[in-house]
Trainee: 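Structure below; questions to follow.
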Amino acid sequence: MAGEFFGTLILILFGNGVVAQVLSAKDGSLGDHDSIAWAWGLGVTLGIFVAGRLSGAHLNPAVTLSLALFQDFPWRKVAPYVVAQFLGAFVAALLVRWNYSETLALVDPGNTIKTQGVFSTLPGNGSFPVSEWGALRDQLIGTAILVFIVFALTDVKNSPPLANLTPLLVGLLVVAIGMAWGTDAGYAINPARDFGPRLASFFTGYGTAMRDQYGNFYFWVPIVGPLLGGAIGGAAYTHGIKRFLPRG
């Protein structure tokens with residue numbers, strides 16, 4: 001639990017932190033979509049290095065659930081891992097909220113949807129015409145891709161990378177998902193990454209944190225979508241690749 005807590009905390013410090021930095025500059029001088037994607041990916045890499053030895057560095061309830069479903073991860077550990085992941089994300093978001101309190105107040109004194117994206121995702125990133133159902137579809141696909149490739153990278157029977165390269169490659173995978181699948185739902189692909197900071201923002205002044213720009217309750221989409229998508233990705237790898245790999 002300590003590994004999952006601190007690993008997820010590191011992930012969110014870099015992920016929420018980079019979005020806060022980008023949105024703090026009205027002229028775009030402090031970064032853009034690409035810098036956001038890279039910082040999220042590097043946050044994943046660094047979080048895995050922090051937690052890898054202690055917990056395996058899931059850092060994501062969708063990954064934990066998929067490992068329990070398809071990789072014999074003990075079910076008794078699922079709930080403690082998920083709790084630690086949510087708490088790590090929650091505490092990290094509070095730190096980001098505190099550190100960027102002055103700049104966020106300058107660009108968005110009303111704590112509105114305008115800067116809610118620092119902490120949690122929105123359909124169409126709050127600006128494109130995507131519904132919650134379109135965002136759910138996106139999260140199913142994006143998380144399926146994530147888990148499918150994570151399984152491939154960590155399967156000892158499938159020519160995996162050297163152990164010290166795996167965190168870097170998983171981080172690059174998140175960068176790639178952000179650059180290719182970031183429009184429709186902000187590539188949450190992780191219930192803890194979204195709901196922990198969403199809750200932190202709700203408790204620190206963002207009264208509409210649980211809703212999207214249309215006023216609909218949205219918080220469930222980045223929870224349900226990734227959990228189902230991860231299971232789909234895990235099943236696809238298990239039955240589409242793993243079963244055909246050489247034994248021994």
Trainee: If you measure from CG on Leu146 to CZ on Phe151, what distance do you get to the nearest 0.5 Å?
Mentor: 10.0 Å

Trainee: Hey, is CZ on Phe6 packed in by over 12 heavy atoms from elsewhere, all under 6.0 Å?
Mentor: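 No, the 6.0 Å shell around CZ holds no more than 12 heavy atoms from other groups.
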
Trainee: Should His58 and Glu4 count as side-chain neighbours, where that means a heavy-atom distance under 4.5 Å?
Mentor: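 Result yes, sub-4.5 Å side-chain heavy-atom pair found.
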
Trainee: Would you indicate whether Phe90, at its atom CZ, is surrounded by more than 12 heavy atoms from other residues, nucleotides or ligands within a distance under 6.0 Å?
Mentor: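 Buried by this count: over 12 neighbours within 6.0 Å.
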
Trainee: Going from CG on Leu173 to CG on Leu153, what distance comes out if it is rounded to the nearest 0.5 angstrom?
Mentor: 7.0 Å

Trainee: Check the pair Ser131, Tyr214 against side-chain hydrogen bond (donor to acceptor under 3.5 Å, both in side chains), reporting the backbone distance first and the verdict last.
Mentor: CA-CA 9 Å; Ser131 70; Tyr214 310 115; over 6 Å; no

Trainee: Under 3.5 Å, side chain of Asn60 to main-chain N/O of Ile189, donor-acceptor pair present?
Mentor: yes

Trainee: For the pair Asp34 (side chain) and Ala37 (backbone), establish whether a donor and an acceptor sit closer than 3.5 Å, ignoring hydrogens and angles.
Mentor: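 Pair absent, no side-chain N/O of Asp34 close to backbone of Ala37.
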
Trainee: Quick one: pull up CG in Leu46 and CG in Leu168 and give me the separation to the nearest 0.5 Å.
Mentor: 10.0 Å

Trainee: Hey, does the side chain of Gln21 reach the backbone of Leu30 with a donor-acceptor pair shorter than 3.5 angstrom?
Mentor: yes

Trainee: So do Tyr100 and Val118 actually touch side chain to side chain, heavy atoms under 4.5 Å?
Mentor: no

Trainee: If we only count heavy atoms from C-beta on, is the Tyr206 to Thr115 side-chain gap below 4.5 Å?
Mentor: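 Sidechains of Thr115 and Tyr206: in contact.
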
Trainee: Would you check if the side chain of Gln213 reaches a backbone N or O of Pro123 as a donor-acceptor pair within less than 3.5 Å?
Mentor: yes

Trainee: Answer yes or no on whether Arg211 is positioned over the face of Phe217, meaning its NZ or CZ is under 6.0 Å from the six-membered ring centre and within 45° of the axis.
Mentor: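 Yes, Arg211 and Phe217 form such a contact.
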
Trainee: Closer than 3.5 angstrom, by distance alone: can the side chain of Ser66 be matched with the main-chain N or O of Gly230 as a donor-acceptor pair?
Mentor: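 Side chain of Ser66 to backbone of Gly230: a pair is present.
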
Trainee: So which atom in Val147 and which in Ala62 form the shortest heavy-atom distance, rounded to 0.1 Å?
Mentor: CG2-O, 4.5 Å

Trainee: If you compare all heavy atoms of Phe202 against all heavy atoms of Gly207, which two are closest, and at what distance to 0.1 Å?
Mentor: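 Closest pair (atom of Phe202, atom of Gly207, distance): CE1-O, 3.8 Å.
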
Trainee: Tell me, do Leu136 and Trp220 make a side-chain contact under 4.5 Å, heavy atoms counted?
Mentor: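 Contact flag for Leu136/Trp220 side chains = yes.
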
Trainee: Can you give me the closest heavy-atom contact between Gly43 and Ile10, atom names plus distance?
Mentor: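 Of all heavy-atom pairs spanning Gly43 and Ile10, the closest is O-CG2, 4.3 Å.
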
Trainee: Given Phe73, which of Val78, Leu65, Val63 fulfils the side chain to side chain contact (heavy atoms under 4.5 Å, CB included) condition?
Mentor: Val78

Trainee: Report whether Leu104 and Leu106 are members of the same hydrophobic cluster (ILVMFWY, side-chain heavy atoms less than 4.5 Å apart, transitive linking).
Mentor: no

Trainee: With rounding to the nearest 0.5 Å, note down the distance linking OG in Ser159 to CG in Leu245.
Mentor: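 The OG atom of Ser159 sits 8.5 Å away from the CG atom of Leu245.
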
Trainee: Going by heavy atoms in the side chains, are Phe148 and Ile241 under 4.5 Å from each other?
Mentor: yes

Trainee: Heavy atoms only: give me the nearest Thr121-Ala188 pair and the separation to one decimal.
Mentor: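 Looks like CG2-CB, 3.8 Å.
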
Trainee: If I take atom CG from residue Asn190 and atom CG from residue Leu227, how far apart are they, to the nearest 0.5 angstrom?
Mentor: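 Reported to 0.5 Å precision, the distance equals 9.5 Å.
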
Trainee: Taking Phe119 as the fixed residue, which of Val19, Ile12, Val96 is the one that meets the side chain to side chain contact (heavy atoms under 4.5 Å, CB included) rule?
Mentor: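 Checked Val19, Ile12, Val96 against Phe119; only one passes side chain to side chain contact (heavy atoms under 4.5 Å, CB included): Val96.
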
Trainee: If you compare all heavy atoms of Ala93 against all heavy atoms of Ala200, which two are closest, and at what distance to 0.1 Å?
Mentor: CB-CB, 3.7 Å

Trainee: Do Asn216 side-chain atoms and Tyr218 backbone N/O form a donor-acceptor pair below 3.5 Å?
Mentor: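 Pair absent, no side-chain N/O of Asn216 close to backbone of Tyr218.
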
Trainee: Within this structure, what is the CG-OG1 distance for the pair Leu11 and Thr45, rounded to the nearest 0.5 Å?
Mentor: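 So the gap between those two atoms works out to 10.0 Å.
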
Trainee: Is there a chain of hydrophobic side chains (I, L, V, M, F, W, Y, each step under 4.5 Å between heavy atoms) that links Phe5 to Leu54?
Mentor: no

Trainee: Centres of the Tyr237 and Phe70 rings: under 6.0 Å?
Mentor: no

Trainee: Check for me, please, whether Phe244 and Val156 land in the same ILVMFWY cluster - side-chain distances under 4.5 Å, paths through other members count.
Mentor: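 As far as the 4.5 Å side-chain criterion goes, Val156 and Phe244 are not connected within one cluster.
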
Trainee: Take the angle between the ring planes of Phe195 and Phe219 and call it parallel below 30°, perpendicular above 60°, tilted in between.
Mentor: tilted

Trainee: Other residues, nucleotides and ligands only: do more than 12 of their heavy atoms fall within 6.0 Å of CH2 on Trp98?
Mentor: no

Trainee: Testing the 3.5 Å rule here: is there a donor-acceptor pair between the side chains of Gln85 and Thr8?
Mentor: no

Trainee: Given 3.5 Å as the limit, does a donor-acceptor pair link the side chain of Asn158 with the main chain of Pro160, or not?
Mentor: no

Trainee: So do Leu69 and Trp75 actually touch side chain to side chain, heavy atoms under 4.5 Å?
Mentor: yes

Trainee: Using the rule that two of Ile, Leu, Val, Met, Phe, Trp, Tyr join whenever any of their side-chain heavy atoms come within less than 4.5 Å, decide whether Met179 and Phe128 are in one cluster.
Mentor: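 No, Met179 does not connect to Phe128 through the hydrophobic network.
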
Trainee: Give the minimum heavy-atom separation between Ala89 and Ala192, together with the two atoms involved.
Mentor: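 For Ala89 and Ala192, the tightest heavy-atom pair comes out as CB-O, 3.2 Å.
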
Trainee: Do Gln116 and Thr208 have side-chain N/O donor and acceptor atoms under 3.5 Å apart?
Mentor: no

Trainee: Side chains of Ile141 and Ile145, heavy atoms from C-beta outward: is any pair under 4.5 Å?
Mentor: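 They are in contact (side-chain heavy atoms under 4.5 Å apart), so the answer is yes.
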
Trainee: Please say whether more than 12 non-hydrogen atoms of neighbouring residues, nucleotides or ligands are located less than 6.0 Å from CG in Asp72.
Mentor: no

Trainee: Quick one: does Trp40's side chain get under 4.5 Å of Tyr187's, heavy atoms only?
Mentor: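 Side chain of Trp40 against side chain of Tyr187, heavy atoms only: contact under 4.5 Å found.
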
Trainee: Are Leu199 and Val221 joined in one hydrophobic group, where the rule is that I, L, V, M, F, W and Y side chains link up if heavy atoms are under 4.5 Å apart?
Mentor: yes

Trainee: Show me the pairs that pass salt bridge (charged side-chain N to carboxylate O under 4.0 Å, His left out) and involve residues 169-197, at least two apart or across chains.
Mentor: Arg137-Asp184, Asp194-Arg198

